[in-house]
Novice: 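Structure provided below as structure tokens; questions to follow.
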Amino acid sequence: MFYKDVKKWLIKHQPQPPQGNSLRRLNVLALMISALIRSGRASLQSIGTEMETDTDLESRIKQAKRWLTNKWTDTTVHFIPYLIPIIRSLSKSGELLLAIDGSGVGSNCSSLMISIIWRGRAIPVGWVVRQAPKGHFSEQMHVDLINQVGQLFKNTIDQKEKKCQIILLGDGEFDGLQVQKTCLELGWDYVLKTAKDTLIADNRQMENHSKFGDVIAPEGSNHLIFNNMYITTKGYGTVNLVYWHDKKYQNPLYLLTNLEYAPLVESFYRRRYRIETFFGDIKSRGFNIHRTKINDPETLFNLLLVACLAFFIAILFEFDARRSPHISKFCRKQRVDDLSVFQLGYRGLIFYIKKRLRFSFQFSKNFP
């Protein structure tokens, strides 16, 4: 049974061997992760149908629902232990690139998420869910989530070995002054898109200010950087401003940053869009979490936890799938490099499950 392999993986990464109710909750979590991977559907009906137990369907659905609504379901116990090895491994490179963005999940709900950019994908590290299908999250929610992830990194990354640069990337929703202040307080760098109407000046009093959109680059140049500037009517600063008009974009991009080298800022921001790949992986390309009819934010928060762990297993299995002697049976060899790390791992998982092949779960130690 595939869920038993998942259960072993879950127990292995717990700080202490789980017993009693803790062990039973991990068992249900393993059943749900396995069912989600097998079915590719995040509805309670689909998860219950694929759970590998001998009880009747209604009992399995109720079991899954109880886990998702249980007050003991907690990221500290059921998510962070599996995220920590990934963070520690990736931080050894000396750089963690984070993206913050929101997307619709479930029925009339949306999630705000921070993810680590890695190999063309985004690895989720923290999120919140609210009952609203569209629209921006409040700046306070941005700040609270950033602080939550900042505390996680503080407790996880060993700064004694090597300084790890952390860079936050965000679109125009996240250019608030409190977001920038919070990044600096945490010791993070940031690259945030802003509006062309943003007021800019070279003095705190904002005398002779202008709009960022009034900037025109010299002919033959696609970017400009203005160091030590002030923004908005509050005269917040100092901030570095980057005007960037790449040929791929119809309109210029206006970026706020504390970094001082424009090409590096542009290189980082290009990778912001990778967070959209994760939303695609847990939606149409993977688990269809956007189609579940669940509309309770707390229940959806816990369902995202299950989906994120299923995503971890898929990307971790990619190392084994790429080297599998059966790879030609679930992937055209000449197309291997065209598949994302998630798609290759996920296809390998599905094939191994259907053929009842043994899972080694001996994931690569060289995760980055």
Novice: Hey, any chance Leu305 and Val77 share a hydrophobic cluster, counting ILVMFWY side chains that come within less than 4.5 Å of each other, even indirectly?
Specialist: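 Different hydrophobic clusters.
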
Novice: Taking all heavy atoms of Asp101 and all of Phe279, pick out the closest pair and write down the distance.
Specialist: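 Smallest heavy-atom distance, with atoms named: O-CZ, 4.0 Å.
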
Novice: If only atom types and distance count, is the side chain of Ser91 paired as donor or acceptor with the main-chain N or O of Ile87 below 3.5 Å?
Specialist: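 Checking the backbone N and O of Ile87 against the side chain of Ser91, a donor-acceptor pair under 3.5 Å is found.
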
Novice: For the side chain of Arg130 and the backbone of Ser110, is there at least one donor-acceptor N/O pair under 3.5 Å apart?
Specialist: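 Such a contact is absent between Arg130 side chain and Ser110 backbone.
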
Novice: Is it true that Asp144 and Gln140 share a donor-acceptor pair across their side chains at a distance under 3.5 Å?
Specialist: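 Gln140 vs Asp144: donor-acceptor pair found between side chains.
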
Novice: Which heavy-atom pair separates Met51 from Ala64 by the least distance, and what is that distance?
Specialist: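 It is SD-CB, 4.1 Å.
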
Novice: For a quick check under 3.5 Å, do Ser34 and Lys7 share a side-chain donor-acceptor pair by atom type?
Specialist: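 Result is no, nothing qualifies.
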
Novice: Please evaluate residues Ser59 and Asp56 with respect to the criterion side-chain hydrogen bond (donor to acceptor under 3.5 Å, both in side chains), reporting the C-alpha separation (whole Å), side-chain torsions for both, the decisive distance (0.1 Å), and the verdict.
Specialist: CA-CA 5 Å; Ser59 297; Asp56 58 76; 3.1 Å; yes

Novice: Is there a side chain to side chain contact (heavy atoms under 4.5 Å, CB included) between Leu68 and Thr73? Walk through the geometry before answering.
Specialist: CA-CA 7 Å; Leu68 292 173; Thr73 299; over 6 Å; no

Novice: Examine the side chains of Thr49 and Ser46 and answer whether a donor and an acceptor come within less than 3.5 Å of each other.
Specialist: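 Note: Thr49 and Ser46 side chains miss the donor-acceptor criterion.
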
Novice: Rounded to the nearest 0.5 Å, how far apart are CZ of Arg271 and CZ of Phe268?
Specialist: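 Spacing of CZ (Arg271) from CZ (Phe268) equals 7.0 Å.
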
Novice: Is the distance between the ring centroids of Tyr346 and Phe311 under 6.0 Å?
Specialist: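 Distance test on ring centres: not under 6.0 Å, no.
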
Novice: Dump the intermediate steps for side chain to side chain contact (heavy atoms under 4.5 Å, CB included) on Asp74 and Ile80, then the final yes or no.
Specialist: CA-CA 9 Å; Asp74 180 23; Ile80 301 301; over 6 Å; no

Novice: I'd like to know if the side chain of Ser267 and the backbone of Pro263 have a donor-acceptor N/O pair within less than 3.5 Å.
Specialist: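 Answer holds: no.
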
Novice: Do Leu255 and Leu192 come close enough that some side-chain heavy atom pair is under 4.5 Å?
Specialist: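 Leu255 does not reach Leu192 side chain to side chain.
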
Novice: Any donor and acceptor pair, going by atom type alone, linking the side chain of Ser324 with main-chain N or O of Asp320 inside 3.5 Å?
Specialist: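 Checked: no pair found.
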
Novice: Does some side-chain heavy atom of Leu199 sit less than 4.5 Å from a side-chain heavy atom of Ile231?
Specialist: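 No, their side chains stay 4.5 Å or more apart.
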
Novice: Which pairs count as ring-ring contact (aromatic ring centres under 6.0 Å, His included) when at least one residue sits in residues 171-218, sequence neighbours excluded?
Specialist: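 Sorted result for residues 171-218: His142-Phe174, Phe212-Tyr254.
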
Novice: Where do Leu241 and Thr194 land on the side chain to side chain contact (heavy atoms under 4.5 Å, CB included) test, with the steps shown first?
Specialist: CA-CA 10 Å; Leu241 313 176; Thr194 192; over 6 Å; no

Novice: Quick check on Arg323: does its CZ atom have over 12 non-hydrogen neighbours (other residues, nucleotides or ligands) under 6.0 Å away?
Specialist: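 Counting neighbours around CZ of Arg323, more than 12 heavy atoms of other residues, nucleotides or ligands fall under 6.0 Å, so yes.
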
Novice: Is the backbone N or O of Leu97 less than 3.5 Å from a side-chain atom of Gln165, with the two atoms forming a donor-acceptor pair by type?
Specialist: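 Not a single qualifying donor-acceptor pair exists.
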
Novice: Take atom CD in Gln205; do more than 12 heavy atoms of anything else shown fall under 6.0 Å from it?
Specialist: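 Counting other residues, nucleotides and ligands, CD of Gln205 exceeds 12 neighbours.
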
Novice: Would you name the heavy atoms of Pro124 and Met113 that are closest together and state the gap between them?
Specialist: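 Shortest heavy-atom contact: CB-SD, 3.7 Å.
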
Novice: Holding to side chain to side chain donor-acceptor pair (under 3.5 Å), I want the full list of residues that pass it with Glu260, two or more places apart in sequence or in another chain.
Specialist: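 Checked Glu260 against side chain to side chain donor-acceptor pair (under 3.5 Å); zero matches.
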
Novice: Check this for me: does any side-chain nitrogen of one of Arg60 and Asp54 sit under 4.0 Å from a carboxylate oxygen of the other?
Specialist: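 Not counted as a salt bridge, because no side-chain N and carboxylate O are separated by less than 4.0 Å.
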
Novice: Looking at Asp214 and Lys196, does any basic side-chain N land under 4.0 Å from a carboxylate oxygen?
Specialist: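 No, this pair does not count.
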
Novice: Roughly how far apart are Lys329 NZ and Ile327 CD1, rounded to 0.5 Å?
Specialist: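 One finds 12.5 Å between NZ of Lys329 and CD1 of Ile327.
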
Novice: Can you run down the salt bridge (Lys or Arg N to Asp or Glu O under 4.0 Å) pairs that involve residues 31-44, sequence neighbours left out, and say none if there aren't any?
Specialist: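 As it turns out, the salt bridge (Lys or Arg N to Asp or Glu O under 4.0 Å) pairs with a partner in residues 31-44, which skip direct neighbours, are Arg38-Glu50, Arg38-Glu52.
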
Novice: Tell me, please, which residues at least two apart from Arg270 pass salt bridge (Lys or Arg N to Asp or Glu O under 4.0 Å).
Specialist: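 Here the qualifying residues are Asp246.
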
Novice: Tell me every residue that passes side chain to side chain donor-acceptor pair (under 3.5 Å) with Thr53, counting only those two or more places apart in sequence or in another chain.
Specialist: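 Expected list: Thr55.
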
Novice: Under the side chain to side chain donor-acceptor pair (under 3.5 Å) definition, can you give me all pairs with a residue in residues 290-307, not counting sequence neighbours?
Specialist: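 Every pair satisfying side chain to side chain donor-acceptor pair (under 3.5 Å) with a residue in residues 290-307: Asp296-Thr299.
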
Novice: Which heavy atom of Gln148 sits nearest to which heavy atom of Gly126, and what is that distance?
Specialist: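 So the two residues come closest at NE2-CA, 4.1 Å.
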
Novice: Under the salt bridge (Lys or Arg N to Asp or Glu O under 4.0 Å) test, which residues partner Arg121, sequence neighbours left out?
Specialist: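 Arg121: salt bridge (Lys or Arg N to Asp or Glu O under 4.0 Å) contacts with Asp281.
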
Novice: Strictly by salt bridge (Lys or Arg N to Asp or Glu O under 4.0 Å), give each pair with a member in residues 172-188 just once, sequence neighbours left out.
Specialist: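 Sorted result for residues 172-188: empty, none.
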
Novice: So do the side chains of Leu186 and Ile146 get within less than 4.5 Å of each other, counting heavy atoms only?
Specialist: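 The answer is yes, as the side chains (C-beta and beyond) meet within the 4.5 Å cut-off.
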
Novice: Is a donor on one side and an acceptor on the other found under 3.5 Å between the side chain of Glu139 and the backbone of Leu177?
Specialist: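 Indeed, once roles are kept as given, a pair shorter than 3.5 Å links the two residues.
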
Novice: What distance do Met32 atom CE and Leu36 atom CG have between them, rounded to the nearest 0.5 Å?
Specialist: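 Between atom CE of Met32 and atom CG of Leu36 there are 8.0 Å.
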
Novice: Calculate, to the nearest 0.5 Å, the distance between atoms OG and CG belonging to Ser111 and Leu145 respectively.
Specialist: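 So the OG of Ser111 and the CG of Leu145 are separated by 8.5 Å.
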
Novice: My understanding is that only residues two or more places apart in sequence, or in another chain, count here; which of them pass salt bridge (Lys or Arg N to Asp or Glu O under 4.0 Å) with Asp189?
Specialist: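 Salt bridge (Lys or Arg N to Asp or Glu O under 4.0 Å) list for Asp189, sorted by chain: empty.
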
Novice: Return yes if some donor-acceptor pair links the side-chain N/O of Ser89 with the main-chain N/O of Ile86 below 3.5 Å, else return no.
Specialist: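 No: the side chain of Ser89 does not pair with the backbone of Ile86.
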
Novice: Less than 4.5 Å apart, side chain to side chain, heavy atoms only: is that true for Ile47 and Leu303?
Specialist: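 Contact flag for Ile47/Leu303 side chains = yes.
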
Novice: Which side chain to side chain donor-acceptor pair (under 3.5 Å) pairs, counting each pair once, include a residue from residues 229-239, with sequence neighbours left out?
Specialist: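 Every pair satisfying side chain to side chain donor-acceptor pair (under 3.5 Å) with a residue in residues 229-239: there are none.
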
Novice: Where does the angle between the aromatic ring planes of Phe351 and His326 fall among parallel (under 30°), tilted (30 to 60°) and perpendicular (over 60°)?
Specialist: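 Judged by the thresholds at 30° and 60°, the geometry between Phe351 and His326 is tilted.
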
Novice: Could you list all the ring-ring contact (aromatic ring centres under 6.0 Å, His included) pairs where at least one residue sits in residues 16-68, not counting sequence neighbours?
Specialist: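 Those involving residues 16-68 are Trp67-His78.
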
Novice: By the ring-ring contact (aromatic ring centres under 6.0 Å, His included) test, which pairs, at least two apart or in different chains, include something from residues 14-41?
Specialist: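 The answer is none; no pair qualifies.
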
Novice: Are the side chains of Asn240 and Leu259 in touch, meaning some heavy atoms are under 4.5 Å apart?
Specialist: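 Of all side-chain heavy-atom pairs linking Leu259 with Asn240, none is under 4.5 Å.
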
Novice: Are Val125 and Ser115 close enough that some pair of their side-chain heavy atoms sits under 4.5 Å apart?
Specialist: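 A side-chain contact under 4.5 Å is absent here.
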
Novice: Within the 4.5 Å heavy-atom criterion, are Thr257 and Val239 side-chain neighbours or not?
Specialist: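 Answer no - side chains too far apart.
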
Novice: Side-chain contact test, heavy atoms from C-beta onward, threshold under 4.5 Å: evaluate it for Leu10 versus Asn27 and give yes or no.
Specialist: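 A side-chain contact under 4.5 Å is absent here.
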
Novice: Between Leu96 and Ile167, is the side chain to side chain contact (heavy atoms under 4.5 Å, CB included) condition met? List the steps.
Specialist: CA-CA 6 Å; Leu96 286 178; Ile167 309 102; over 6 Å; no

Novice: Any side-chain donor paired with an acceptor under 3.5 Å for Arg24 and Asn21?
Specialist: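 Yes, Asn21 and Arg24 have a side-chain donor paired with an acceptor closer than 3.5 Å.
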
Novice: Between Phe79 and Trp127, does the ring centroid distance fall short of 6.0 Å?
Specialist: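 Centroid distance Phe79-Trp127: below 6.0 Å, so yes.
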
Novice: If only atom types and distance count, is the side chain of Gln63 paired as donor or acceptor with the main-chain N or O of Glu58 below 3.5 Å?
Specialist: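 Side chain of Gln63 to backbone of Glu58: no pair is present.
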
